[in-house]
Amino acid sequence: RAKKVPLVQSRHNDDPFRRKFPINQINKWLGRYAKKVIAISHHLAEFVVTVEKIASHKVTTIHYGLNTTLAEPQLSKQQFGLDPERITIGFVGRLIRQKGVSTLLQAFAQQPNADSLQLLIVGDGVLADELKQEAQTLGIEKHVIWLGWQTNAARFMYLMDIVMIPSLWEGFGLVALEAMAAQKPIIASRVSALPEIIRHNETGLLVEAADATTLAQAISTLISKTNIRLEFGINGFQRLQSAFSIEKMATAHASLYSEVL
């Protein structure tokens, strides 16, 4: 401020703690000195204006972008303990409350044809042991493969037939773009920014968050319709190219910096 250097801030998540005093007041105070505040989704932009009380003319939405020329890695289901004859339902992310993995386990347990399915969990977190115990309690432990923390975790999406994003909230949801890059259908919660990325009945299915029964129904719908899964995957890749390219993200940032300067 003393050197009159223009300040640009960014917001990446609408975590519940950001609504609480004094965090929201601190962010409001800091926002007064920003020329622009970048939000990574329209949902998050609304959060910045309504919760942090930052003037709307300062707030700009720039969605994440992702490279669409990713090469498919040479992975096989067998090398990770997966049955190639079974449909693989997958999750990639941190094992924390926000990601809704408990709801996913409950929804999987409701599948009447569980013996023809397998659930691949890629990621680690504070709830890992608790979630593994829940899988045992639900009687589905033999159908769940826990790969833990992995480098370049998105590559495992190529082993999945359906990518699950059962989050309770998301500032954006980069995992959705990674699934679209792998041309995979998505089942996600209708929360926060996810409906901005995933088009219901076009690139995937959106369901109510923390509702295991509704999530189970969506899983049943997609596992029974191979052609729809393929269609959603292709549509998602095309949407990634048109709406969420890394070039589009970079151009938007460059334009904003030019405006500020």
Can you check side-chain contact (heavy atoms from CB on, under 4.5 Å) on Val260 and Val8, steps first, answer last? CA-CA 8 Å; Val260 168; Val8 175; 4.0 Å; yes
Is there side-chain contact between Gln238 and Met180, with at least one heavy-atom pair below 4.5 Å? no
Name all pairs fulfilling the side-chain hydrogen bond (donor to acceptor under 3.5 Å, both in side chains) condition that reach into residues 210-232, sequence neighbours left out, sorted by first residue then second. Gln111-Ser220, Asp211-Thr214
According to a 4.5 Å side-chain heavy-atom criterion applied to Ile, Leu, Val, Met, Phe, Trp and Tyr, with indirect links allowed, do Phe172 and Ile96 form part of one hydrophobic cluster? no
Is there a side-chain contact between Arg19 and Asn24, using heavy atoms and a 4.5 Å cut-off? no
Sort and list the pairs that fulfil ring pair (Phe, Tyr, Trp, His ring centres under 6.0 Å) and have at least one residue in residues 127-146, not counting sequence neighbours. none
Are Glu259 and Ser255 close enough that a side-chain donor and a side-chain acceptor fall under 3.5 Å? no
What residues form a side chain to side chain contact (heavy atoms under 4.5 Å, CB included) with Val122, not counting sequence neighbours? Val92, Leu120, Leu147, Gln150, Ala153, Phe156, Met160
What residues form a ring pair (Phe, Tyr, Trp, His ring centres under 6.0 Å) with His42, not counting sequence neighbours? His63
Parallel, tilted or perpendicular: which describes the rings of Tyr257 and His253, with under 30° parallel and over 60° perpendicular? tilted
Below 4.5 Å, heavy atoms only, C-beta onward: do Asp15 and Trp169 meet side chain to side chain? yes
Residues forming a ring pair (Phe, Tyr, Trp, His ring centres under 6.0 Å) with Trp149, sequence neighbours excluded: none
Report the C-alpha separation of Phe80 and Ile145 in whole Å, then their side-chain angles, then the decisive distance to 0.1 Å, and conclude whether the side-chain contact (heavy atoms from CB on, under 4.5 Å) test is met. CA-CA 8 Å; Phe80 297 102; Ile145 294 88; 5.6 Å; no
With rounding to the nearest 0.5 Å, note down the distance linking CG in Leu105 to CD in Glu134. 5.0 Å
Please tell me if the side chains of Ile87 and Ser116 come closer than 4.5 Å, counting only heavy atoms from C-beta onward. no
Looking at side-chain heavy atoms only, is the closest gap between Leu75 and Leu159 below 4.5 Å? yes
Report the residue from Gln106, Met164, Gln110 that forms a side-chain contact (heavy atoms from CB on, under 4.5 Å) with Leu215. Met164
For the backbone of Gly148 and the side chain of Asp124, can you confirm whether one donor and one acceptor N or O come within less than 3.5 Å of each other? no
Using side-chain contact (heavy atoms from CB on, under 4.5 Å), reason through Arg18 and Asp14 one step at a time and then give a plain yes or no. CA-CA 7 Å; Arg18 296 182 185 275; Asp14 58 341; 5.7 Å; no
Angle between ring planes, His12 versus Tyr64, binned at 30° and 60°: parallel, tilted or perpendicular? tilted
Do Ile121 and Leu104 come close enough that some side-chain heavy atom pair is under 4.5 Å? yes
Ring pair (Phe, Tyr, Trp, His ring centres under 6.0 Å) involving Phe17 - partner list, sequence neighbours excluded: none
Please check if atom NZ in Lys36 has more than 12 non-hydrogen atoms from other residues, nucleotides or ligands closer than 6.0 Å. yes
Salt bridge between Glu202 and Arg239, side-chain N to carboxylate O under 4.0 Å? no
Are side-chain heavy atoms of Asn113 and Ile223 found at a separation under 4.5 Å? yes
Would you indicate whether the side-chain heavy atoms of His43 and Thr61 approach each other to under 4.5 Å? no
Donor-acceptor pair, side chain of Ser189 and main chain of Ser167, under 3.5 angstrom: yes
Please check if the side chain of Lys248 supplies one atom and the backbone of Gly65 the other of a donor-acceptor pair under 3.5 Å. no
